[in-house]
Visitor: 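One structure, pasted below without further comment.
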Number of protein chains: 2
Amino acid sequence: MGIAERKARERVHRRNAIVDAAEDVIFKHGFSVATMAQVAKAAELSKGTLYLYFKSKEELYRAIILRGFVILKKMLREATKEGKTGYDKVIIVGKTYVEFSEKYPNYFTTILDYENDTFNLAAAEAESLQALEEGNAVITILVRAIREGVKDGSIIEQGNPFDTAFVLWSQFTGVLQVMKRKINIIEHYFSLTKEDLLSTHWRMIERMLK
Amino acid sequence: MGIAERKARERVHRRNAIVDAAEDVIFKHGFSVATMAQVAKAAELSKGTLYLYFKSKEELYRAIILRGFVILKKMLREATKEGKTGYDKVIIVGKTYVEFSEKYPNYFTTILDYENDTFNLAAAEAESLQALEEGNAVITILVRAIREGVKDGSIIEQGNPFDTAFVLWSQFTGVLQVMKRKINIIEHYFSLTKEDLLSTHWRMIERMLK
DNA sequence: TCATATAATGACTGCTGGTCATTTTAATAG
DNA sequence: CTATTAAAATGACCAGCAGTCATTATATGA
């Protein structure tokens, strides 16, 4: 049945092409400003066709969010290979998260939208669940690093490593979010730079874990 | 000029009544689902009248955000009076933030929307600037507590207290955000409760500051 | 009582996400 | 090569929305 397979491949390919087009449009104008008509035009398809591949504009955006998580997970996987101790790996996770936010600011925005639940993932749709899986995978990388660190003594004994991982991740996301969204205000009113905030955060993490 | 004053009062009063109505509708249905027609009906006014008091739906929402900050600031001001040492006061700020998020979940959501910059405050409108001032005031309360703590020795010497305050606040917001938005997932996949996360966060803060 | 200014109205517009009857394209069979 | 069927794509269309503005109602002051 070679034809059926080819068709399935084409379908996946077209789906990805739509997400590509949606990225172009949405990253340029922002989710709420971008219109499905624009996406359709960028994809060289009619608007109706988009809805053969995605149930809604939001589901299309969720596909972009998923891409962000996949990239982030890959970066974390590769980067944590390098660390010697568990503590090193935790720091590497943080550094990599920062790197991700700088290298892929648009994808980072999608992650923040996910964390903020701007796009309700309660609906158990394929795209949502996958994003969730990827999000969980990211946390799991951090959990492993913490476990390792506790074992090799580079991290002080904590309670449950899952707790520690979630709290660390949430704190980090909070700091990065403020750095992204509010740095202009902070610079203007308090004369602080991104680097100031980050180095303070690093110092705190060291004190928390060492 | 008693009449002009009375008219100004009435204008303020009506404005507040509109925000009241908007809160009812928006807190019930959510910002994007709520419509200006619904708000108008709840306020017993025509839709056009709303636009005599607010430039847009977003500006109306910003007025609600501002209310949230005002309440939070007041709570923090009063609560921090009680603390003995600077460290105590920092902890009180955190506890009060948690209390706020539980007592006024809807207003807390507006604060998260502000932090996430869902409603662009770049436009230098009165409402935006006031929200910003209130946000800054909240941070300033924390700055003072940290300064005091460093002075009285209850907090270990940090770099710039502004840095510390922003990082602490951002971390806290990050943790509370995750608790609000993702706790169902976390409970389901990792069997952690809000209390687990919070107590871990407290422990970390203590290690950071003590 | 009339003139003026201020406040409020709601019909209207432009635009959007999403739908669906129709058309186009591709695969299959005779 | 042609007819038949299935799958894919289309775009005119719809309902609902934020926001506007000519018109109407209300209050003030002479």
Side-chain angles (χ1 to χ4, degrees), chain A residues 1-26 28-64 113 118-120 123 125 127, chain B residues 1-26 28-64 113 118-120 123 125 127:
Chain A
M1 281 287 97
I3 288 172
E5 283 161 12
R6 197 202 72 221
K7 286 215 171 183
R9 266 201 318 275
E10 281 174 356
R11 199 180 153 77
V12 169
H13 189 261
R14 172 135 295 174
R15 218 188 114 100
N16 281 328
I18 292 172
V19 180
D20 289 341
E23 270 185 17
D24 288 346
V25 175
I26 291 177
K28 188 167 182 182
H29 301 101
F31 177 79
S32 59
V33 175
T35 71
M36 289 302 265
Q38 288 174 310
V39 174
K41 192 172 183 186
E44 296 178 292
L45 288 169
S46 74
K47 194 156 62 106
T49 303
L50 302 187
Y51 287 89
L52 298 176
Y53 291 84
F54 297 93
K55 274 224 290 282
S56 66
K57 190 184 178 187
E58 290 207 358
E59 200 193 309
L60 184 44
Y61 190 65
R62 283 188 213 113
I64 300 177
D113 284 339
T118 308
F119 299 94
N120 195 356
E125 287 158 27
E127 220 75 45
Chain B
M1 283 283 95
I3 287 173
E5 283 162 13
R6 194 202 75 220
K7 285 213 171 186
R9 265 201 319 274
E10 281 174 355
R11 200 178 154 76
V12 169
H13 189 260
R14 170 135 296 176
R15 220 188 112 99
N16 281 328
I18 291 172
V19 180
D20 289 341
E23 271 185 17
D24 288 346
V25 174
I26 291 177
K28 190 168 181 182
H29 301 101
F31 176 79
S32 58
V33 176
T35 71
M36 290 301 265
Q38 288 175 309
V39 174
K41 192 170 184 189
E44 295 177 294
L45 288 169
S46 73
K47 193 155 66 106
T49 303
L50 302 185
Y51 287 90
L52 298 175
Y53 291 84
F54 296 93
K55 273 223 288 284
S56 67
K57 191 184 176 188
E58 290 207 358
E59 199 193 309
L60 183 46
Y61 190 64
R62 283 189 212 110
I64 300 178
D113 284 339
T118 309
F119 299 92
N120 193 358
E125 287 159 25
E127 220 77 45

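Residue numbers start from 1 in every chain, and the chains themselves are labelled A, B, ... in the order their sequence lines are given, proteins ahead of strands. Bear in mind the structure is a predicted one, so any value in this text is a computation, not a measurement.
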Visitor: Side chain of B/His13, backbone of B/Arg9: donor and acceptor closer than 3.5 Å?
Guide: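 Looks like no, no N/O pair under 3.5 Å.
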Visitor: Go through A/Val19 and A/Tyr53 one step at a time and tell me if the side-chain contact (heavy atoms from CB on, under 4.5 Å) criterion holds.
Guide: CA-CA 10 Å; A/Val19 180; A/Tyr53 291 84; over 6 Å; no
Visitor: To the nearest 0.5 Å, what is the distance between OG (B/Ser32) and CD1 (B/Ile26)?
Guide: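 Rounded to the nearest 0.5 Å, the OG-CD1 separation comes to 10.0 Å.
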Visitor: Atom CZ of B/Arg9 and atom P of C/dT6: how far apart are they, to the nearest Å?
Guide: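 Roughly 18 Å, once rounded to whole Å.
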Visitor: Restricting to side chain to side chain contact (heavy atoms under 4.5 Å, CB included), what partner residues turn up for A/Lys47, sequence neighbours left out?
Guide: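 Per chain and number, A/Lys47 pairs via side chain to side chain contact (heavy atoms under 4.5 Å, CB included) with A/Met36, A/Ala37, A/Ala40, A/Tyr51.
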Visitor: Ignoring backbone atoms, establish whether A/Arg14 has a side-chain N or O less than 4.0 Å from OP1 or OP2 of D/dA9.
Guide: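 Result: yes.
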Visitor: How many angstroms lie between CZ in B/Arg14 and OG1 in B/Thr49, if you round to the nearest 0.5 Å?
Guide: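 One finds 7.5 Å between CZ of B/Arg14 and OG1 of B/Thr49.
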Visitor: Just the atom pairs and distances: protein N or O near nucleotides 14-16 of chain C's N or O, under 3.5 Å.
Guide:
none

Visitor: Check this for me: does any side-chain nitrogen of one of B/Glu58 and B/Arg62 sit under 4.0 Å from a carboxylate oxygen of the other?
Guide: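 Judged by the 4.0 Å cut-off on N to carboxylate O distance, B/Glu58 and B/Arg62 do form a salt bridge.
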Visitor: In residues 38-54 of chain B, which ones come under 4.0 Å of DNA chain D, going by heavy atoms?
Guide: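 Here the set is B/Lys47, B/Tyr51.
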Visitor: At under 4.0 Å between heavy atoms, what does A/Arg11 touch on the DNA or RNA strands: base, sugar-phosphate, or nothing?
Guide: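 No contact.
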Visitor: Any side-chain to backbone donor/acceptor pair from A/Lys57 onto A/Phe31? Under 3.5 Å, distance only.
Guide: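 Yes, because the side chain of A/Lys57 sits within donor-acceptor range (under 3.5 Å) of the backbone of A/Phe31.
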Visitor: Using the side chain to side chain contact (heavy atoms under 4.5 Å, CB included) definition, which of the options A/Ile64, A/Leu60, A/Ile18 pairs with A/Glu23?
Guide: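 Result: among A/Ile64, A/Leu60, A/Ile18, A/Ile64 is the only option passing the side chain to side chain contact (heavy atoms under 4.5 Å, CB included) with A/Glu23.
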Visitor: Whole angstroms only, please: what is the CD-P distance between B/Glu10 and C/dA7?
Guide: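 It is 9 Å, rounded to the nearest whole Å.
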